[in-house]
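Remember, it's 1-based here, ligands and their atoms both numbered in the order they're listed. All values below come from the heavy atoms of this structure, side chains included, with hydrogens, waters and symmetry mates left out.
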Amino acid sequence: QDNLNAKSLESLEDVSALREAGKLSEAKAGVLLILERSRIDENSLEMASAFSELGYILEQQNDYMQAFRSYNRALDIYTQQQRYESIAKTLSDIGQNYRYRASYKQAFDYLNRAMELYESLGNTLGVARQQLNVGLVYKSLGRYEDALSSLTQALRVLRTNDDTESVSLCLSNIGDIYRDMGQLKNAETYLTDALTINKQTGSVQQTAKTHQKLGDLYLEMGRFEQARLHLNQAVKKFSGIDAPLDHERANVALAQVELAVGQYDVGLTLLQQALLRATDGNFITLQTHIHQALANAFLEQDDYDTALQHAQKGLLQAREREELATQAQLLSVLVDIYSAQGNYQQAFNSLLKKNDVLEQVVDRDNTLIVRDMQTEIELDRQAQSIELLRKNRAIALAEAKQRNLRTSMVLGGLIALLLVIFLLWSRYKERQLTRTLKREVRNRTQELEVKNLELENAYRTLEQASLRDPLTGLYNRHHLEAQLPGEIQRCQHAHASGDAKQGNHDLLCFLIDIDHFKDINDVYGHLAGDRFLVQFAQIIRDVFRQTDLTIRWGGEEFLVICRYSSRDLLVDLASRFSESVRQHVFELGGKVRCNATCSIGFAPIPLDKSKPFEHNWQTMFALVDYCLYAAKQSGRNAWVGVSDVQSTMSTATESGPLASKFELSGARVSTSLNNLASIAWPENPQTEIPLES
Ligand SMILES: Nc1nc2c(ncn2[C@@H]2O[C@H](COP(=O)(O)OP(=O)(O)OP(=O)(O)O)[C@@H](O)[C@H]2O)c(=O)[nH]1
């Protein structure tokens, strides 16, 4: 018999699967076939199970009376067969059926009987499910504290037994209660949780119901777009499973959304059509609900009489079913209508009645209890959410691990490839860089060589320019400064070492000054003076050797240092030069010509061959300058000089002023003047010291 039952249940399971999927007509056809077969087979247990299943299907189609009959048939069979588990289950089914039909007293009776039976059988899950059902009845009656108490107890057991479907039912009803209590945010959380579980279990009816509840909630929260979204889902799902009452409920809620967004005509029409269908289908609770909605809508439209009719009808129905919460809501509507009409006495009466009802719903102590319970429920809800999250996370982790492994392998390969490419690329770049660098270095070297050459040339030009007098082309004082110290040292050492005895180791120093040059400038102009100077310089070049240092010392003053010479030539050179100047006809331009003379002072270096280091350059130059000064003072066109100094010998040619002014003893003075006495020695020597030496 067990085998037979298992076999027949298998096919009944197919039927419940169809029902779960919302295919109610197919399920109904299937169950009727099974009923027929079990009747023929006289398989009463299968028949009882089939009656139960038929009850569920009919209920989902909102045909509660037929469902009620079907459950009772099943109950009869189970009682005969003494199948206690099944009896308890069927008592529970009938209890719920009464609840759907708003017969709450009977509902309590049956549910309590079911609970007692489950308790005696030790079936805790069965007990918990009855607590859930009892909670739902309390909720319908507006006894929220009792409802929450039952639902909390149920939720705990259902959760430990993994009865997800009942858990979601619990959560969504707790959500409902919060909504009725005005805690809309809490309600949203519970209903959203319930919807998540519904979607996991795949129950079309439960999913549709939760969508409906969320739609109602969002409507109340004023979030009309979300409300419309959920309600449309609910309508779609309910129409799919052929559940006219639920379908109608969703339609009513959608109509309320239209009203809320100001589409009164559409909303009112939808509500009135729904009221007709609810009356036809004898859906009493829905009728009350629609009356309430219509009363509110007409009140909005200022059609107070019609609003009043609907509110009163609704209130009557709610009173018949002893639905306190609905009564309170309808009394509220009545207060609003009477107030709008100006019928304040009636409004006040309605308000008193409403307060009466509310007092029955919740008293102060109960509020405290409710608050405690809220905390407990919150804990349960969170535990449930955490469990859900944990499961989801475990799945996500496993998937992520697999993904990571694949990604790591691909990444590893990619990195290796990139590394090789990078190595090759950097090698190529390095070579390219070396080549570029070499080329660059070569170019730079060439550039530098050219620059060096240019610099060298520029330097040479500059050197020439800085060492030469631009007008006459003779050297200037800078050249003398560079050359003279070396020359003096060389000849001093030559004399000191005795090399000079072989001859030509003297330096001959001539300081030459043009006589009355100023007059030429004054008479013929400065340009003519320049031409004169150029020609005078040429005479210097002609008379002296190329290797001699020929310096333009000042404006019309010239210094000549003859190197590798002998002092014996001093007089000869001085007179030769004076003569050359005298002989020269100077061309001053524009056929202007003139003759000129010059004055010369001279001396040898060193002055005294036996004491070559005795006199420094400053002394020697001062001496030459003094001689030139003397020549000038003696009437110009003359030369005066010291041709030798022999301090060891006293000589007749020694001149007095030189001995005293320059502390020279044994100086031999020469002059172009008639005799030494003709020399007009200046009082004081000029003080110009030309060089540090
Ligand atoms: N044309 C020209 N004149 C120059 C240049 N350098 C100096 N002088 C002039 O040379 C003249 C030198 O005059 P002074 O120092 O009085 O000498 P001096 O006229 O020769 O008279 P004594 O030397 O006393 O015979 C000045 O008039 C200068 O302006 C030059 O480069 N070109």
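In terms of protein heavy-atom proximity, atom 17 (O) of ligand 1 is closest to E556 OE1, 3.5 Å. Among protein heavy atoms, the minimum distance from atom 2 (C) of ligand 1 is reached at D530 OD1, 3.3 Å. If you check which protein heavy atom lies closest to atom 27 (O) of ligand 1, you get K518 CG, 3.4 Å. At the top of the distance list for atom 22 (P) of ligand 1, counting protein heavy atoms only, stands K632 NZ, 3.4 Å.
Heavy-atom contacts of G529 reach the following atoms of ligand 1: 1 (N) (cutoff under 4.0 Å). Those atoms of ligand 1 that come under 4.0 Å of a heavy atom in R636, given as number and element, are 22 (P), 24 (O), 25 (O). Residue-ligand proximity, D515 to ligand 1, at heavy-atom distances under 4.0 Å covers atoms 20 (O), 25 (O). Those atoms of ligand 1 with a heavy atom of L533 less than 4.0 angstrom away are 2 (C), 5 (C), 30 (C), 31 (O), 32 (N). Short contacts between ligand 1 and H516, defined as distances under 4.0 Å to a heavy atom of the residue, involve ligand atoms 18 (P), 19 (O), 20 (O), 21 (O), 22 (P), 25 (O). Close approach to L471 involves these atoms of ligand 1, each under 4.0 Å from a residue heavy atom: 31 (O). Taking every non-hydrogen atom of G555 and a distance limit under 4.0 Å, the qualifying atoms of ligand 1 come out as 6 (N), 7 (C). Those atoms of ligand 1 that come under 4.0 Å of a heavy atom in H526, given as number and element, are 1 (N), 2 (C), 3 (N), 32 (N).
For the side-chain contact (heavy atoms from CB on, under 4.5 Å) with S599, the lone residue among E557, Q633, K632 that qualifies is K632.
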### Task
Show your reasoning for whether side-chain contact (heavy atoms from CB on, under 4.5 Å) applies to F586 and F536.
CA-CA 8 Å; F586 291 88; F536 192 85; 4.1 Å; yes
### Task
Take V624 and V642 through the test side-chain contact (heavy atoms from CB on, under 4.5 Å) and record every step on the way to the result.
CA-CA 8 Å; V624 174; V642 175; over 6 Å; no
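Partners of T597 according to the side-chain hydrogen bond (donor to acceptor under 3.5 Å, both in side chains) rule, which considers only residues two or more places apart in sequence or in another chain, are D515.
For I514, every heavy-atom contact with ligand 1 shorter than 4.0 Å involves the backbone, none the side chain. By the criterion of a heavy-atom distance under 4.0 Å, the side chain of D513, and not its backbone, is placed next to ligand 1. Only the side chain of R552 comes within contact range of ligand 1, with a heavy atom under 4.0 Å; no backbone atom does. At a heavy-atom distance under 4.0 Å, no atom of L527 approaches ligand 1. Within the 4.0 Å heavy-atom criterion, the part of N521 lying near ligand 1 is the side chain and not the backbone.
A donor atom on one side chain and an acceptor atom on the other are found under 3.5 Å apart for T619 and N616. For the 3.5 Å distance criterion, the side chains of N452 and E456 fail to qualify, holding no donor opposite an acceptor. Remark: the Q233 side chain and the K236 side chain contain no N/O donor-acceptor pair separated by less than 3.5 Å. Looking at N232 and H211, their side chains never bring a donor and an acceptor atom within 3.5 Å of each other.
R427 has no carboxylate O lying under 4.0 Å from a charged side-chain N of E430, or vice versa, which leaves the two without a salt bridge. Checked for salt-bridge contact, K185 and E188 meet the test: a charged N lies under 4.0 Å from a carboxylate O. Under 4.0 Å is where a charged nitrogen must lie from a carboxylate oxygen, and between E258 and R228 at least one such pair does.
Annotation: F517 places an N or O atom under 3.5 Å from an N or O atom of ligand 1; distance criterion only.
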